[in-house]
Amino acid sequence: MDALAVVLLAVFSAGYLVLAGADIGVGMLLPWLGRDQRERRLVIASFAPFFLGNEVWLVASAGLVAGAFPGLEHELLEELYPVFAVLLFGWVVRDMGLWLRGRVDASGWRGGCDAAIVAGSWALALAWGSVLGSLLAGGGLNAGSVLGLPLAVLFAWHGAGFARWRLPVGLAGRAARVPSRFGLSALVMASAPVVAGVEVSWSRVVAEGAGLTMTAVTTVVVLPLLVGSQALVWWTFRGRVESPSYL
């Protein structure tokens, strides 16, 4: 059962990094991909239908860690609490910028929200890079911080690949200057948590008894529903974006 829980955690964390990593990366590149307010609205519209659904993978991953790997949860929060504080702050700031951008029809307001989106996206990428780096290096905050910046660049690279696929041809040309394809960058992002997880002693952090079984079984039931709903959304919005969304 513990092996099943490890595989499920790898699937959910990889799903989050592949799907949400794309909109984080686009947010990081927002000033470069969109040169004015109209273009930035299109850039945001490229991932607007996806970003809330993408975050469900993170919620599921957190629930799986709490229920199946309480030892890992304790270690991460104890050793990396400054990183998780930055992560939470960046998450709130970015989503606030996305939701509030269209609420006021003023260039200054939209510019401030754009800055929040960019800053929050960079904070998320750096924080996740530090978390993965800490797991990969088998050390604490210092080891993770050293690897955080290079790993954060992967988010921007992945975002460029996504933008190349979703943006109108003119704007997509800017993203095409980065040698990135969405399929290739998705494969790299998916491998990141798998590689980092190799360094974790899972037998030491796994739960025991009914808690582990219940968490694993519940996750197995939820996984097809999540995959099916995500597939439907991505199929529905598979083409290039041509107009601003409700955001």
Side-chain angles (χ1 to χ4, degrees), residues 14-58 90-91 93-103 105 107 109-126 128-129 151-190 192 229-247:
Y16 171 74
L17 290 178
V18 169
L19 298 174
D23 58 65
I24 292 172
V26 173
M28 295 167 72
L29 300 175
L30 180 61
W32 177 59
L33 293 173
R35 305 291 173 79
D36 55 34
Q37 295 292 341
R38 184 191 65 82
E39 290 183 351
R40 289 173 188 170
R41 287 187 71 189
L42 287 174
V43 173
I44 293 172
S46 69
F47 63 83
F50 309 115
F51 86 98
L52 283 179
N54 295 342
E55 291 175 347
V56 174
W57 291 84
L58 176 59
W91 190 1
V93 168
R94 186 194 70 139
D95 283 20
M96 179 184 68
L98 288 171
W99 283 114
L100 297 180
R101 189 182 190 277
R103 302 299 181 186
D105 187 15
S107 59
W109 174 269
R110 290 191 294 269
C113 290
D114 289 344
I117 294 169
V118 175
S121 298
W122 274 95
L124 278 170
L126 289 169
W128 280 123
L151 289 173
V153 173
L154 288 178
F155 283 85
W157 181 61
H158 186 41
F162 176 84
R164 184 175 180 175
W165 166 57
R166 277 283 289 167
L167 288 178
V169 175
L171 298 184
R174 294 174 191 163
R177 298 173 189 172
V178 178
S180 175
R181 296 258 181 200
F182 186 55
L184 175 60
S185 60
L187 180 62
V188 174
M189 294 296 288
S229 61
Q230 287 276 281
L232 177 61
V233 172
W234 280 73
W235 175 258
T236 302
F237 297 98
R238 64 191 180 277
R240 294 186 183 275
V241 64
E242 298 294 343
S243 61
S245 70
Y246 65 94
L247 287 174

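Put simply, the side chain of E55 does not reach to within 4.5 Å of the side chain of L19, judged on heavy atoms. Inter-residue side-chain proximity for L33 and L171 is flagged as unmet; no heavy-atom pair is nearer than 4.5 Å. No side-chain heavy atom of L151 sits less than 4.5 Å from a side-chain heavy atom of W128. F47 is listed as a side-chain neighbour of L98, based on a closest heavy-atom distance under 4.5 Å.
Within the structure, salt bridge (Lys or Arg N to Asp or Glu O under 4.0 Å) pairs that include any residue of residues 15-38 comprise D23-R94 (at least two apart or interchain). Among residue pairs with one or both ends in residues 175-189, none qualify as salt bridge (Lys or Arg N to Asp or Glu O under 4.0 Å); sequence neighbours excluded.
Nearest heavy atoms, S121 versus G27: OG-CA, 3.5 Å. Considering every non-hydrogen atom in both R164 and A175, the closest pair reads N-CB, 3.7 Å. Listed here is the closest heavy atom pair of L126 and A152: CD2-CB, 3.7 Å. Residue F182 comes nearest to A22 through the heavy atom pair CE1-CB, 4.0 Å, listed as atom of the first residue, atom of the second, then distance. Residue L167 comes nearest to A172 through the heavy atom pair O-CB, 3.7 Å, listed as atom of the first residue, atom of the second, then distance. Closest non-hydrogen pair, A116 versus G97, comes out as CB-CA, 4.2 Å.
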Please step through side-chain contact (heavy atoms from CB on, under 4.5 Å) for the pair V43 and L29, ending with a clear verdict. CA-CA 9 Å; V43 173; L29 300 175; over 6 Å; no
Please step through side-chain contact (heavy atoms from CB on, under 4.5 Å) for the pair W57 and V18, ending with a clear verdict. CA-CA 10 Å; W57 291 84; V18 169; over 6 Å; no
Working for side-chain contact (heavy atoms from CB on, under 4.5 Å), residues L124 and F155: CA-CA 10 Å; L124 278 170; F155 283 85; over 6 Å; no
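Checking side-chain atoms of S180 against main-chain N and O of W157 turns up a donor-acceptor pair under 3.5 Å. Counting only distance, with no hydrogens or angles, the side chain of W109 and the backbone of L100 share a donor-acceptor pair below 3.5 Å. Remark: side-chain polar atoms of R166 are paired, donor with acceptor, to backbone N or O of S46 under 3.5 angstrom. Side-chain atoms of R238 come within 3.5 Å of backbone atoms of W235 as a donor-acceptor pair (strictly under, hydrogens ignored).
Partners of R174 according to the salt bridge (Lys or Arg N to Asp or Glu O under 4.0 Å) rule, which considers only residues two or more places apart in sequence or in another chain, are E39. Annotation: salt bridge (Lys or Arg N to Asp or Glu O under 4.0 Å) contacts of D105 (sequence neighbours excluded): R110. Under the side-chain hydrogen bond (donor to acceptor under 3.5 Å, both in side chains) criterion, S185 pairs with H158, not counting sequence neighbours. Residues passing the side-chain hydrogen bond (donor to acceptor under 3.5 Å, both in side chains) test with W165, sequence neighbours excluded: none.
Between the CZ atom of R101 and the CD1 atom of I44 there is a distance of 4.0 Å, given to the nearest 0.5 Å. Between the CG atom in L17 and the CD1 atom in I24 there is a gap of 8.0 Å [rounded to 0.5 Å]. Atom CH2 of W234 sits about 6.0 Å away from atom CG of N54, to the nearest 0.5 Å. Distance check, rounded to the nearest 0.5 Å: CG of L184 to CE of M189 gives 12.0 Å.
Between F162 and F50, the angle of the ring planes goes over 60°, which puts this pair in the perpendicular group of the 30/60° scheme.
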